[in-house]
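The block underneath contains the structure these notes are about, expressed in structure tokens.
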2 protein chains.
Amino acid sequence: MNFYSMGQSKKEDFTVRENHIARYANALGHPARVAIIRLLLKKKSCICGAIVDEIPLSQSTVSQHLKVLKDAGLIKGEIEGVRVCYCLNEEEWEKAGKYLQELWKEKS
Amino acid sequence: MNFYSMGQSKKEDFTVRENHIARYANALGHPARVAIIRLLLKKKSCICGAIVDEIPLSQSTVSQHLKVLKDAGLIKGEIEGVRVCYCLNEEEWEKAGKYLQELWKEKS
DNA sequence: GAAATTAATCGTAATTTTGCGATGAATTTC
DNA sequence: GAAATTCATCGCAAAATTACGATTAATTTC
């Protein structure tokens, strides 16, 4: 249920670079996930419950979106007792930014 | 069959900004579409047939991906006789770049 | 005008996505 | 240890995505 099993996709026929970009873009391809990322950009770290409170979707749906972002590598979740503390995966986030930036720089 | 009719999405519950970002990201969320964009970034303009030749997917599937990119505003298609000449929608492309760049700058 | 070319669209199949409520597992708290 | 809290996962429904071949529409070319 992640990017690497979308539709009947043929990812293997595209470059690694194209797959990376698509993978990151795909993770940001839903407003709820953009909203979650923005929360984490602002708050540094955030327990899951707080995210659920901020996003106008059910707990289970928010959990799914968190999973998509986690599978894409953009966020990390750390268990803290009963809670789970989510935060950006800074390295991957920067890497994603670099990939996208480079795409825009490709213009000749 | 575009971003604004995805799943049983609730786009109206998110900010306009979040929707814009998700819309652009969504368009780039498939390696074939990234590949098409890269072609257009390199070649300035490209007739549809040449794109089909470069992308390892059937003509109809490539046509669908072109439609997704066009619906997101990222590319334009101009009829030239029997052919259709595709090119980046420069303004929208820059706008998309700006939106994404700003997202990365939101880190506090 | 018939034949060929080009690209969009149709029809279909398989799979994923999005969403929700319900359930389950893990940890606290009483 | 029972009850409560928290969050992931299950099960389901509706719809979108991805892919393809076949067809259609619009132009050229002969």
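Quick note on labels: first sequence line is chain A, next is B, and so on, each numbered from 1. Heavy atoms only: backbone and side chains are in, while hydrogens, waters and symmetry mates are out. Small disclaimer: the values here were computed from a predicted structure and weren't measured.
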Closest to side chain of [X], choosing from [options]:
X	options	result
B/Ile47	C/dA7, C/dT18, D/dA19	C/dA7
A/Ser60	D/dA8, D/dG21, C/dC20	C/dC20
B/Val82	D/dT18, D/dA19, D/dA26	D/dA26
B/Gln59	C/dC20, D/dA22, C/dT27	D/dA22
A/Val84	D/dT27, D/dC7, C/dA26	D/dC7
A/Arg83	D/dC10, D/dT6, D/dA22	D/dT6

Using whole Å, what does the distance between atom [atom2] of nucleotide [N] and atom [atom1] of [X] come to?
X	N	atom1	atom2	result
A/Asn26	D/dT17	CG	P	11 Å
A/Gln64	C/dA22	CD	P	16 Å
A/Ile55	C/dT18	CD1	C1'	15 Å
B/Leu57	D/dT17	CG	P	16 Å
B/Leu69	D/dT17	CG	P	13 Å
A/Glu80	C/dT28	CD	C1'	14 Å
A/Ile75	D/dC7	CD1	P	13 Å
A/Glu78	C/dA26	CD	P	19 Å

Presence of [X] side-chain N/O under 4.0 Å of [N] phosphate oxygens OP1/OP2:
X	N	value
A/Tyr86	D/dA8	yes
A/Ser63	D/dA8	yes
A/His65	C/dT17	no
A/Thr61	C/dT18	no

For this session: Quickly, which of A/Leu88, A/Leu74, A/Leu40 forms a side chain to side chain contact (heavy atoms under 4.5 Å, CB included) with A/Leu69? Name it, please.
Result: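 Of all the options given, the one that passes is A/Leu74.
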Exercise. Without hydrogens or angle criteria, can the side chains of A/Ser58 and A/Thr61 be said to hold a donor-acceptor pair below 3.5 Å?
Worked result: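 Side-chain D/A pair, A/Ser58 to A/Thr61: present.
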For this session: Could you check A/Val62 against A/Gly81 and say which one's nearest nucleotide on DNA chain C is further toward the 5' end?
Result: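 The residue mapped nearer the 5' terminus is A/Val62.
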Between [Y] and [X], does any NZ, NE, NH1 or NH2 come within less than 4.0 Å of an OD or OE carboxylate oxygen?
X	Y	value
B/Lys42	A/Glu106	no
B/Arg33	A/Glu18	no
B/Lys76	B/Glu92	no

